[in-house]
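The structure under discussion appears below in the form of structure tokens.
Within every chain, numbering begins at 1; the chains are lettered A, B, ... in the order of the sequence lines, protein sequences first and strands thereafter. Quick caveat, the model's predicted, so the values are computed rather than measured.
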Amino acid sequence: MDMHPKKRLELIIETPAQKRAERVLTDVGVTGYTVVPAMAGYGGHSRWRRGMDISSSRDMVVILSIMDEEKLIKAIEVLGSLLGDHIGVVSVSDVSVVRKDIF
Amino acid sequence: MDMHPKKRLELIIETPAQKRAERVLTDVGVTGYTVVPAMAGYGGHSRWRRGMDISSSRDMVVILSIMDEEKLIKAIEVLGSLLGDHIGVVSVSDVSVVRKDIF
Amino acid sequence: MDMHPKKRLELIIETPAQKRAERVLTDVGVTGYTVVPAMAGYGGHSRWRRGMDISSSRDMVVILSIMDEEKLIKAIEVLGSLLGDHIGVVSVSDVSVVRKDIF
Amino acid sequence: MGLELALSTLLSPIVLFFVLGLFAALMRSQMSVPQDFAKGLAIYLMMAIGLKGGVAMSKTPVTSEMIGVFIFATALSFALPFFAYLCLRKFSKLSRVDAAATAGHYGSISIVTFVAATQAVIFSGYTSAGYLVAVAAIMETPAIISALYLAQRGFKKEGKVVGSERGEVAREVLLNASVVVLVGALLIGLIVGEDGMKTVEPFFVTPFQGVLCLFLLDMGLSAGRGLRQGWRELDFGSLSFGIYMPVLAAVFTGIVCGYGMGLNVGDLTIMMVLGASASYIAVPAAMRLALPKAQPSIYLTLSLGVTFPFNLTVGIPLYIFIAQMIAG
Amino acid sequence: MGLELALSTLLSPIVLFFVLGLFAALMRSQMSVPQDFAKGLAIYLMMAIGLKGGVAMSKTPVTSEMIGVFIFATALSFALPFFAYLCLRKFSKLSRVDAAATAGHYGSISIVTFVAATQAVIFSGYTSAGYLVAVAAIMETPAIISALYLAQRGFKKEGKVVGSERGEVAREVLLNASVVVLVGALLIGLIVGEDGMKTVEPFFVTPFQGVLCLFLLDMGLSAGRGLRQGWRELDFGSLSFGIYMPVLAAVFTGIVCGYGMGLNVGDLTIMMVLGASASYIAVPAAMRLALPKAQPSIYLTLSLGVTFPFNLTVGIPLYIFIAQMIAG
Amino acid sequence: MGLELALSTLLSPIVLFFVLGLFAALMRSQMSVPQDFAKGLAIYLMMAIGLKGGVAMSKTPVTSEMIGVFIFATALSFALPFFAYLCLRKFSKLSRVDAAATAGHYGSISIVTFVAATQAVIFSGYTSAGYLVAVAAIMETPAIISALYLAQRGFKKEGKVVGSERGEVAREVLLNASVVVLVGALLIGLIVGEDGMKTVEPFFVTPFQGVLCLFLLDMGLSAGRGLRQGWRELDFGSLSFGIYMPVLAAVFTGIVCGYGMGLNVGDLTIMMVLGASASYIAVPAAMRLALPKAQPSIYLTLSLGVTFPFNLTVGIPLYIFIAQMIAG
Ligand SMILES: Nc1ncnc2c1ncn2[C@@H]1O[C@H](COP(=O)(O)O)[C@@H](O)[C@H]1O
Ligand SMILES: Nc1ncnc2c1ncn2[C@@H]1O[C@H](COP(=O)(O)O)[C@@H](O)[C@H]1O
Ligand SMILES: Nc1ncnc2c1ncn2[C@@H]1O[C@H](COP(=O)(O)O)[C@@H](O)[C@H]1O
Ligand code: NA
Ligand code: NA
Ligand code: NA
């Protein structure tokens with residue numbers, strides 16, 4: 001089975017901004033993404049845990065999306081300015097996928 | 001501490017097929033995997049959120065497994081045909097691990 | 001937008017040792033990490049599922065942390081000895097990040 | 001009596017909380033009942049239903065009417081998918097596999113619709129027999145077998161799905177949570193009888209209707225969200241199927257059980273509701289395993305987004321009315 | 001009567017379980033109430049409050065007093081943030097955006113404080129009117145608009161936040177879970193009246209106080225953890241704001257509603273509590289969307305960690321005492 | 001009286017729902033009670049137990065019998081692990097650290113077994129004293145210290161575990177959820193007394209047994225799954241330990257508390273059950289922190305998969321029977 005090189009974007013972002021990030025991704029035209037709940041985290045010298053804040057407004061999620069380089073460049077551009085306002089981390093790595101047609 | 005190159009398989013798949021994917025991995029002989037719940041996602045122009053579907057039949061999970069290249073090739077082969085029937089995404093990346101003996 | 005090379009540490013570890021791992025990371029001086037709950041897993045010929053063990057003492061979590069190479073080396077060193085006692089998997093991959101200043 | 005009374009069940013707290021949930025979802029409110037909490041309530045409801053049915057059965061002997069109903073119910077669950085499949089293939093554009101999967105849902109039952117109907121029957125001054133809980137449990141699964149037959153007929157038998165295991169679907173089907181809890185609680189109710197029941201009544205009987213309100217609020221949210229997402233994928237033929245199918249199934253059941261078997265108004269209504277209601281928990285999970293090519297957005301929208309709200313609001317009063325015509 | 005009686009509400013199981021949770025969190029115990037379970041309880045509480053209010057309203061006609069209270073409450077929710085903002089800018093070092101976001105919390109209300117006050121009022125031998133539930137629901141949101149105005153005033157209107165959607169904040173604000181469930185249950189209570197309520201009383205009325213104990217144990221844990229984490233970021237000016245702000249708001253409300261509108265002791269206490277309490281569910285979520293630059297560790301610590309415990313323990317008895325002075 | 005009556009507790013709804021869960025898990029049903037929901041129920045149960053114990057204690061003075069029982073219970077929790085360790089090292093192949101960790105579980109207690117025993121005692125026509133709840137809370141933790149001593153004895157003191165923090169294990173042990181909630185609710189019960197209790201009785205007393213059914217269904221699922229997974233790793237010596245250890249502990253406790261301290265049948269049964277039951281919540285969590293090399297599949301299978309079901313079904317009736325022999 002032959003593999004195809006793609007980019008894997010991993011976005012760690014707070015729940016209230018989750019929808020915005022999702023919109024950025026769909027606007028850029030990614031074919032998909034998956035959101036995973038984070039249960040705790042640390043950054044900027046403060047620590048949080050899911051359930052500590054009754055309003056859930058500080059909970060974070062991890063958004064994974066696999067896409068080709070071209071879309072990645074566009075996505076990164078917009079996410080950068082989204083992150084200007086919100087707490088979050090963006091990282092990108094190289095992956096290979098099985099079915100190239102669906103990305 | 002010296003590091004050893006391995007492959008990291010990341011399989012995003014719907015819950016009802018989770019067990020099948022797990023069986024494929026153990027049949028191939030991986031030494032382990034970890035399943036993480038997804039809470040939302042988007043793909044093929046439709047969106048889902050955990051809890052939207054009372055039967056949970058559209059919930060997704062992310063299965064991570066670290067293995068050597070040889071097992072990866074076998075796993076990919078079989079997963080490809082499993083994914084022919086089910087919704088899912090397979091991606092592979094290069095990682096280094098600390099303890100080589102356990103993989 | 002220019003990207004900066006970093007290391008992504010992924011630590012799969014059991015819940016009771018989660019705090020220790022978090023302390024190791026902050027002691028080493030990482031700028032952040034994110035914890036994601038695992039819901040099931042397999043390794044060493046045994047299988048677990050969240051909720052099977054009423055005390056949660058066998059549940060696992062996935063800790064993600066993005067850092068530079070220098071801190072990674074220190075972290076790996078200490079995590080190695082933490083893992084000597086606990087169940088867990090450490091893997092490292094190359095990623096690029098958007099905002100270099102926060103790592 | 002008659003239509004008015006039947007319609008007045010529409011203003012019960014149960015139905016109103018369902019409508020509230022439906023409304024909130026359609027207005028795109030972000031509110032939700034946490035899924036773990038709602039699943040806990042579902043288990044509570046099934047334990048309560050099973051226990052009450054079992055205790056009721058412990059007080060009456062097995063009659064030939066009962067046995068007749070059991071046999072008819074099993075046959076009905078097997079048969080309804082064939083009829084549903086025919087309708088869908090004739091009057092909608094669903095593919096063979098989507099039609100088969102959807103048809104399977106309509107042979108099975110919705111336990112929440114069953115409970116709401118039981119409350120409405122009591123509210124209208126009738127009673128229904130305890131053994132109907134067992135009938136509901138029996139009807140959960142035969143339809144799945146029919147759906148699988150319909151989907152595979154005429155295809156070349158495909159190879160085993162990778163990673164699938166012998167007995168996997170069977171175990172999913174026969175030991176799913178509703179069947180285990182319903183049948184288990186029914187047996188426990190039979191064993192402990194009225195005396196044993198007394199100790200747990202303040203938890204399983206008195207607050208039951210209130211819990212149902214909370215649960216139906218959640219069902220309303222689920223149904224509304226399902227509808228808002230899925231209706232675009234459905235043509236008129238399949239959307240209308242979600243309405244006429246339950247009515248036809250109810251009428252057919254009503255005629256057989258009413259004129260043929262002589263059930264009283266309460267029991268007859270419940271049987272019609274079992275025929276009319278469609279599964280949205282047990283069957284979708286089985287279909288994802290057995291027919292992964294069928295699209296959940298089709299069958300879940302129909303069963304949870306169209307048929308469930310229809311039955312809960314218009315259907316149940318209508319079936320009570322028809323049952324009164326037949327057996328009143 | 002008087003202060004003693006008011007203080008004796010401090011030894012109710014509700015307050016004691018709150019203190020237990022607070023204590024456990026401050027001692028760094030790992031115990032927690034699962035979040036999904038606690039959210040389920042919160043929905044239960046709001047349904048119960050709404051239903052009871054609605055049923056109470058179904059029994060009384062609309063009076064001009066009622067309408068006066070509605071209008072005053074809306075104005076109060078709009079106005080309080082302006083006053084709070086002034087105090088914070090004068091007597092603390094909070095930045096403009098942090099001060100605006102925090103101020104928004106104090107114009108809105110805390111439904112749990114409302115419930116605890118209702119219990120304490122009953123315990124002290126008074127009653128409060130059913131329509132005050134509707135007043136609470138009304139006061140949830142106007143404050144958010146004031147906070148947004150305060151934060152944006154004087155800035156160059158910034159460009160749209162990336163990824164934001166028109167109406168997003170409005171929907172979050174108007175259709176958040178508390179508003180939907182409270183108002184929905186209130187309407188349902190109005191429709192079904194006392195008769196319909198009977199069927200669900202064993203779930204929504206009888207065990208209500210007990211559920212509140214469990215919920216307040218969780219609130220104590222949340223408040224304690226919030227406090228332990230956040231207090232370092234607050235200076236004396238903002239910490240003391242968490243105490244004097246509710247007292248000032250209560251006194252102002254008491255004077256207007258007591259001398260001006262002639263409310264009785266029970267209703268007056270509740271109005272004072274609504275003025276004094278600060279939001280920790282609806283407003284923080286709205287602020288994260290609308291003012292992401294404001295720091296949650298500031299406004300959540302103040303509202304949940306300082307004002308909520310203060311109101312629950314010292315505030316409510318104090319407000320009952322003042323209400324007795326004014327209207328007793 | 002006697003054995004028959006004791007055995008009839010086997011047919012209570014509580015035990016039957018446990019058996020249902022066990023059966024479903026052994027048949028590999030996929031059903032489960034959501035973990036967040038079950039944990040919420042566990043907190044409810046502990047609040048209810050604590051409150052009832054506290055209210056009961058508020059009505060009786062402290063006696064010398066009580067103090068004697070407290071001292072004996074503490075000593076018992078310290079001592080049982082030593083005995084258990086000896087048995088395991090002699091008659092099974094467990095390693096030193098596994099034996100020590102397992103032994104720790106048997107010195108501590110299972111609060112669900114305690115509750116089930118209290119119900120069975122009442123069902124058999126006896127009563128048990130309120131202060132036994134405090135005894136249960138006291139016995140939770142001393143055993144952990146013994147286990148740590150047993151595991152470290154004879155080893156070179158190892159260096160600090162990386163990332164561990166001073167006082168971490170102590171905090172985990174002394175402030176774990178069961179101890180905090182049990183002791184806290186007990187104190188609250190003591191403070192509010194019978195009058196304060198009345199307001200929360202419809203939540204904490206009346207539905208208690210019903211909630212226990214739901215909780216035991218979940219415990220049955222956990223025990224069955226634990227058993228199905230873990231039994232392969234256990235030899236005959238350790239599996240049989242899961243049965244003979246509780247019986248020996250119960251008999252020893254029965255002799256000391258019955259002949260030596262003159263407890264009545266109800267109290268004696270409860271003390272025997274505390275001696276016989278093994279922890280599966282507090283101790284495993286402490287062991288994962290303090291002795292990460294010990295294997296949870298061993299100690300959890302024994303405590304949750306073997307001893308818990310044994311005590312719940314065979315053990316409790318047997319201990320009631322023995323208590324009747326000694327003190328009846
Ligand atoms: N280097 C990092 N690696 C992984 N997650 C991070 C990192 N930095 C921050 N985070 C996550 O982002 C959240 C907010 O971080 P901060 O913006 O630094 O306050 C943290 O609570 C973590 O969940
Ligand atoms: N490119 C992608 N990156 C990450 N997750 C994806 C991607 N495409 C699909 N998914 C996940 O797979 C699910 C089904 O996608 P699809 O098969 O495209 O309908 C989605 O809901 C996502 O959770
Ligand atoms: N190769 C692997 N890839 C991903 N997760 C693993 C792997 N090996 C072990 N794990 C995780 O670590 C847990 C303990 O594994 P073990 O130490 O092998 O018993 C498993 O239940 C998995 O969650
Ligand atoms: Na049907
Ligand atoms: Na206020
Ligand atoms: Na013991």
Side-chain angles (χ1 to χ4, degrees), chain D residues 33-48 50-51 54-55 165 167-208 210-211 281-282 285-286 289, chain F residues 8-45 48 115-116 118-120 122-124 201-221 224-225:
Chain D
V33 178
Q35 225 37 35
D36 275 10
F37 191 75
K39 282 190 185 166
L41 294 184
I43 292 176
Y44 163 87
L45 293 176
M46 290 186 295
M47 284 170 86
L51 276 173
V55 172
E165 194 191 43
E168 182 186 42
V169 175
R171 209 178 319 109
E172 175 78 28
V173 160
L174 295 173
L175 290 174
N176 74 67
S178 359
V179 172
V180 168
V181 178
L182 268 184
V183 174
L186 194 100
L187 290 176
I188 293 175
L190 260 174
I191 296 173
V192 302
E194 203 143 10
D195 283 344
M197 187 69 180
K198 264 194 199 112
T199 55
V200 296
E201 224 167 62
F203 182 64
F204 285 119
V205 181
T206 346
F208 184 79
V211 179
I281 298 186
L289 275 184
Chain F
S8 74
T9 62
L10 270 180
L11 293 187
S12 73
I14 302 175
V15 176
L16 291 173
F17 273 108
F18 176 78
V19 172
L20 175 61
L22 202 66
F23 173 82
L26 292 178
M27 295 297 291
R28 302 173 58 192
S29 162
Q30 289 303 306
M31 87 149 287
S32 70
V33 178
Q35 226 37 34
D36 274 11
F37 191 76
K39 281 189 185 165
L41 294 185
I43 292 176
Y44 163 87
L45 293 176
V115 176
T118 311
Q119 305 289 346
I122 294 169
F123 184 81
S124 309
E201 224 168 62
F203 182 64
F204 285 120
V205 180
T206 346
F208 184 80
Q209 289 225 47
V211 179
L212 204 54
C213 290
L214 186 37
F215 192 72
L216 277 170
L217 175 64
D218 181 48
M219 291 290 301
L221 289 165
R225 283 185 187 135

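At a 4.5 Å heavy-atom cutoff, the contact between D:Phe204 and chain F is made by side-chain atoms alone. With a threshold of 4.5 angstrom between heavy atoms, F:Leu41 does not approach chain D through any atom at all. Of the atoms belonging to F:Phe17, heavy atoms from both backbone and side chain fall under 4.5 Å from chain D. With a 4.5 Å cut-off on non-hydrogen atoms, F:Leu20 touches chain D through its side chain but not through its backbone. For D:Ala185, the parts lying under 4.5 angstrom from a heavy atom of chain F are both the backbone and the side chain.
Chosen from D:Val192, D:Leu51, D:Val200, D:Ile188, the residue pairing most often with chain F at heavy-atom distances under 4.5 Å is D:Ile188.
The two residues D:Ile43 and F:Ser32 have their closest heavy-atom pair at CD1-O, 3.4 Å. Nearest approach of F:Pro207 to D:Pro202, heavy atoms of both residues: CB-O, 3.9 Å. The shortest non-hydrogen separation linking F:Pro34 to D:Gly40 is CG-N, 3.8 Å.
Rounded to the nearest 0.5 angstrom, F:Leu214 CG and D:Met47 CE are separated by 5.0 Å. Rounding to the nearest 0.5 angstrom, the gap separating the CG atom in F:Leu11 from the CG atom in D:Asp195 is 12.5 Å.
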